[in-house]
Amino acid sequence: MKTAKLILDDKEYEIPVVAGTENEPALDIRKLRDTTGLITYDPGYANTGSCKSGITFIDGDRGILRYRGYPIEELAGNVRFSAAAYLLIYGRMPSEAEFMEWRKQLTLNSFIHASQVNFFDNYSVHAHPMNILSAMVSSISSFYPHIGGENDNMDQHIHRLIGQVKTIAAFSYRKSVGLPYVYPRTDHSYSANFLRMMFATPAEEYVVPKVMENALDMLLILHMDHEQNCSTSTVRMVASSMSNIYASVSAGINALWGRLHGGANEAVLTMLQRIADDGSDYKKYVEMAKRKDDPFKLMGFGHRVYKNFDPRSKILKKAVDDVLTEMGIQDPLLDIAKNLEEVALKDDFFIERKLYPNVDFYSGILYRALGIPTEMFTVLFAIGRMPGWIAHWLEMSKDPDLRIQRPRQVYTGETLRHYEKTIYP
Ligand code: ACO
């Protein structure tokens, strides 16, 4: 076994080096505190491997993303979202029979409990759909009090989570615009069902345009997993205390909501609109993003892991062009986005910091072309990410190294002082 040496106060310690199947080395510091009295200090966990995982491989320097070994370029645009979700969760592509059964189960389990439908009436009219989504997903487990018990059927919880997340999303939209709810059908794919539930009226047949169904499948697959990102780490953190899968995933939805994570897709569109309203002077905004005294950042740019092109943004950029052309849409925000990208990629500030467009940079323009309202963009991300959260929850629950996640800290507060008795009124 390879080891690294740590020399501290003239004492030498051997630290084992572990490596995964792609040979990425890591220091195994599990015994570090016991043997040396030291802990590590790593704000943002940029150098910390929190687990071993066999789900998704990313090489940020080479712009590589693979689900269960399959390159993202071979999946996005070529398979249905539900087939890719099966792959991510069960580790292999389904046979045709398995796929048809899986797709049917996702639809049959997509009906939220009739009592829970009434919950929609009680949210504030100003509630953000991510707010509704996290509360609703957390509430599902209240209808299954025996979850996690003996004879519990985990597969059914998986079907419910993937099936119901799109129902909750579509219903929250329908509620916000005062339209009646539309229910899914077993003869539709996952994405076709979602689009139907969003846009059909009960008065007439709604034929889901293939171009929209395929684009949504691709978008959801691109968002499906990204190893130990903020929301997935949150799901794992909550799950490590043995919380149920709905509670864990609901916490992940809240983590995704922030604008530095999944909320960035909404923030990109808001930024592009702001630039358009401000005379489309995109160069001014690139300059603003570079200023230390200005909190403005170029939303949809930069990534903790990718120090090269995000492969998802490459796929998306091409797809945006293709889909908008096929749908006959001319979007002025797309021109602004392309101009911003071109200027930023030639700018030393962005070159030195290796800042490239990420998955959120072009996704909003595609969602907009599909008729998805801006405040629903992050909800769409959550629908796509659901199989990823589930796969990580399952992997973690079987991990022999599982311990409750409980980081340490470097204390910087007051040292010992004593309380002087005071009479407070
Ligand atoms: N615009 C301008 N400057 C940026 C940007 C940006 N979008 N992103 C990073 N920088 C700068 C930082 O100010 C910092 O500069 P400095 O070294 O002079 O201090 C340097 O680049 C490094 O950035 P960090 O913030 O340290 O990088 P970190 O890995 O912590 O954050 C993050 C990554 C959150 C994605 C960041 O790049 C960002 O805020 N981007 C905009 C929001 C965004 O698009 N989020 C979506 C990410 S993808 C996803 O979650 C699906």
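As the structure lists them, so they are numbered: ligands from 1, and atoms in each ligand from 1.
- For the pair N214 and M218, the minimum side-chain heavy-atom distance is 4.5 Å or more.
- Take E73 and apply the salt bridge (Lys or Arg N to Asp or Glu O under 4.0 Å) test, not counting sequence neighbours, and it matches no residue.
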Ligand 1 polar-atom proximity to protein (N/O, under 3.5 Å):
residue, atom, partner, partner atom, Å
ligand 1, 1 (N), L298, N, 3.1
ligand 1, 7 (N), L298, O, 2.7
ligand 1, 7 (N), F301, O, 3.0
ligand 1, 15 (O), R353, NE, 3.2
ligand 1, 18 (O), K292, NZ, 2.5
ligand 1, 18 (O), R353, NE, 3.0
ligand 1, 18 (O), R353, NH2, 2.9
ligand 1, 19 (O), K292, NZ, 3.1
ligand 1, 29 (O), R304, NE, 2.8
ligand 1, 30 (O), R304, NH2, 3.1
ligand 1, 39 (O), K297, NZ, 3.0
ligand 1, 40 (N), F301, O, 2.9
ligand 1, 44 (O), G300, N, 2.8
ligand 1, 44 (O), N358, ND2, 2.9
ligand 1, 45 (N), L260, O, 3.1
ligand 1, 50 (O), H261, ND1, 2.9

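- Here H128 contributes atom NE2 and S134 contributes atom OG; the two are 11.0 Å apart, rounded to the nearest 0.5 Å.
- Judged purely by distance below 3.5 Å, without hydrogens or angles, the side chains of Q405 and S50 never pair a donor atom with an acceptor atom.
- Using a cut-off of 4.0 Å between Lys/Arg side-chain N and Asp/Glu carboxylate O, E287 and K284 are scored as not salt-bridged.
- Residues H157 and Y246 are in side-chain contact: their nearest non-hydrogen atoms beyond the backbone lie under 4.5 Å apart.
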